[in-house]
Amino acid sequence: KTFSCLFAGLIISNLGRCWTSSELCAEFSKVNLYSEMSQTRSLRSVAMNVLSSSVPEGPGLIVQRPFPTRTLDMVDPFLMIDEFGPIQLPPGKQFPDNWHPHRGFETMMYLLDGEFNYMDSVGNRGVTRKDGVQWMTAGSGIMHDAALTDDFRRNGGTQHCFQIWINLPASQKMVAPKSQDIDADQVPEHKFPGGLVRVVAGEAFGTKAKVTTYTPILALDFRLEPNASTHYELPRDFNALAYVYQGTGK
């Protein structure tokens, strides 16, 4: 099986080249940026493969980061993508508190496995579980932290998640901070021959995600059976990349 996230978003700055495509294809552990589409509908080849780098993010916490790195600084409007895990954590495992500030962008935690508590300085509290989404708008400024739940610390288990930063347009960088907690059963799914897609953010296949965003983006989690394929047509003014987190493809 192949599991791949397709991230695409409206270009909101003059940084970087426009990468768009209607083809989902990737190789394991690589981020693939897609070349610009022509005026007619056609499949385009992968324009760039970017290998993730292992980056320490605290004691015992190593993430895989395709950008920002020396190879690639950003893919407008996406400022950063981190993948943590999959990793098996033993009972009693605990990460230190990590309250930290953000301002001027939004963050998305997409939890493929495990559990996290979320808390912030404006009073939001919540628990994100397997296949759920935690969306935070930093806007004018916020402090937040994510920690293992008490049950998870007591029992241990597998943790696997994405942390993604999305830029805010200049006119909306000072909006009021807020958070959104989306449970797994609130993430819509669209089935097709050979697989399904979870619409984590944006609107695709006639299905709209529950999470609301200031910057128009798509976050689609494609889960394909062996030898299956799929296509999706993206707007011309969207940058796009695919991140394969399990399996291989072409």
Tell me which donor-acceptor pairs under 3.5 Å the side chains of residues 117-129 have, and how far apart each pair is, sequence neighbours excluded?
unit_1 : atom_1 : unit_2 : atom_2 : d
Tyr118 : OH     : Asp120 : OD2    : 2.8
Asp120 : OD1    : Val122 : N      : 3.1
Asp120 : OD1    : Gly123 : N      : 3.2
Asp120 : OD1    : Asn124 : N      : 2.9
Asp120 : OD1    : Asn124 : ND2    : 3.4
Asp120 : OD2    : Asn124 : ND2    : 2.9
Ser121 : OG     : Met143 : N      : 2.9
Ser121 : OG     : Met143 : O      : 3.4
Asn124 : ND2    : Ser179 : OG     : 3.4
Arg125 : NH1    : Asp120 : O      : 3.0
Arg129 : NE     : Glu115 : OE2    : 3.4

Of the options Phe78, Phe162, Phe7, which is the one that meets Tyr243 in a ring pair (Phe, Tyr, Trp, His ring centres under 6.0 Å)?
Phe162

Hydrophobic cluster membership, with links at side-chain heavy-atom distances under 4.5 Å among I/L/V/M/F/W/Y: are Phe3 and Ile81 in one?
yes

Side-chain contact test, heavy atoms from C-beta onward, threshold under 4.5 Å: evaluate it for Phe67 versus Leu79 and give yes or no.
no

I'd like to know if the side chain of Asn239 reaches the main chain of Asp76, judged simply by a donor and an acceptor atom lying under 3.5 Å from each other, with no hydrogens or angles considered.
yes

Test salt bridge (Lys or Arg N to Asp or Glu O under 4.0 Å) on Glu83 and Arg65; report intermediate values, then the result.
CA-CA 7 Å; Glu83 181 188 16; Arg65 179 175 296 169; over 6 Å; no

4.5 Å side-chain heavy-atom contact, Asp150 and Phe152:
no

Note: Thr158 and Pro86 closest approach over all heavy atoms is CG2-CB, 4.2 Å

Flag the pair Leu148 / Gln159 as yes when at least one side-chain heavy-atom distance between them is below 4.5 Å, and no otherwise.
yes

Indicate, with yes or no, if Phe222 and Leu196 share a hydrophobic cluster defined by side-chain heavy-atom contacts under 4.5 Å among Ile, Leu, Val, Met, Phe, Trp and Tyr.
no

Is it true that atom NZ of Lys178 has more than 12 heavy atoms of other residues, nucleotides or ligands lying nearer than 6.0 Å?
yes

Closest non-hydrogen atoms of Gly139 and Arg103, given as atom of the first, atom of the second and distance, are O-CG, 3.3 Å

Just checking, any donor-acceptor pair under 3.5 angstrom between side chains of Glu106 and Trp135?
yes

Determine whether Val133 and Leu111 fall in the same hydrophobic cluster, where Ile, Leu, Val, Met, Phe, Trp and Tyr are linked whenever their side-chain heavy atoms lie under 4.5 Å apart.
no

May I ask you to test the Pro177-Thr137 pair for a side-chain heavy-atom distance under 4.5 Å?
no

Do the side chain of Asp183 and the main chain of Gly132 share a donor and acceptor less than 3.5 angstrom apart?
no

Tell me, do Ile87 and His160 make a side-chain contact under 4.5 Å, heavy atoms counted?
no

How about Pro188 and Lys208: do any of their side-chain heavy atoms sit closer than 4.5 Å?
no

In Å and rounded to the nearest 0.5 Å, what is the CZ to CZ distance from Arg153 to Phe95?
11.0 Å

Anything under 30° is parallel, anything over 60° is perpendicular, the rest tilted; go ahead and classify Phe192 against Phe205.
parallel

Mind checking side-chain hydrogen bond (donor to acceptor under 3.5 Å, both in side chains) for Asp221 and listing every partner two or more places apart, or none if nothing turns up?
Tyr110, Arg223, Tyr245

Going by the rule side-chain contact (heavy atoms from CB on, under 4.5 Å), which residues pair with Ala8 if we only count those two or more places apart in sequence or in a different chain?
Leu218, Leu234, Phe238, Ala240

If you measure from CE on Met136 to CD on Gln180, what distance do you get to the nearest 0.5 Å?
11.5 Å

d(Gln134 CD, Gln163 CD) to nearest 0.5 Å is 8.5 Å

Would you mind reporting whether Val200 and Leu220 have side-chain heavy atoms less than 4.5 Å apart?
no

I'd like to know if Phe84 and Met109 are part of one continuous hydrophobic network [Ile/Leu/Val/Met/Phe/Trp/Tyr, side-chain heavy atoms within less than 4.5 Å].
yes

Over all heavy atoms of both residues, which pair between Ser54 and Gln64 is shortest? Give the atoms and the distance, please.
OG-NE2, 2.9 Å

Evaluate side-chain contact (heavy atoms from CB on, under 4.5 Å) for Met108 paired with Ile166, printing each intermediate quantity in order.
CA-CA 8 Å; Met108 179 180 78; Ile166 303 99; 4.3 Å; yes

Under the 3.5 angstrom rule, does the side chain of Lys130 hit a backbone N or O of Leu112 as a donor-acceptor pair?
yes

Would you give the length of the straight line joining atom CG of Leu168 to atom OH of Tyr214, rounded to the nearest 0.5 angstrom?
8.0 Å

Residues, nucleotides or ligands: over 12 heavy atoms within 6.0 Å of Asn227 CG:
no

Is it the case that the side chain of Thr215 and the backbone of Asn167 share a donor-acceptor pair, with hydrogens and angles ignored and the cut-off at 3.5 Å?
yes

Let's go through Cys161 and Phe116 carefully: what are the C-alpha distance in whole Å and the side-chain angles of both, what is the deciding distance for side-chain contact (heavy atoms from CB on, under 4.5 Å) to 0.1 Å, and is it a yes or a no?
CA-CA 10 Å; Cys161 68; Phe116 272 108; 4.2 Å; yes

Interatomic distance, CD1@Ile142 vs NE2@His100, rounded to 0.5 Å, equals 10.0 Å

So, does Gln172 use its side chain to make a donor-acceptor pair with the main chain of Pro169 at under 3.5 Å?
no

Any donor and acceptor pair, going by atom type alone, linking the side chain of Arg198 with main-chain N or O of Glu189 inside 3.5 Å?
no

Find out whether Ile217 and Leu10 are in side-chain contact, i.e. whether some heavy atom of one side chain is under 4.5 Å from a heavy atom of the other.
no

Could you measure the distance from the CG atom of Leu89 to the CG atom of Asn155? Nearest 0.5 Å is fine.
12.5 Å

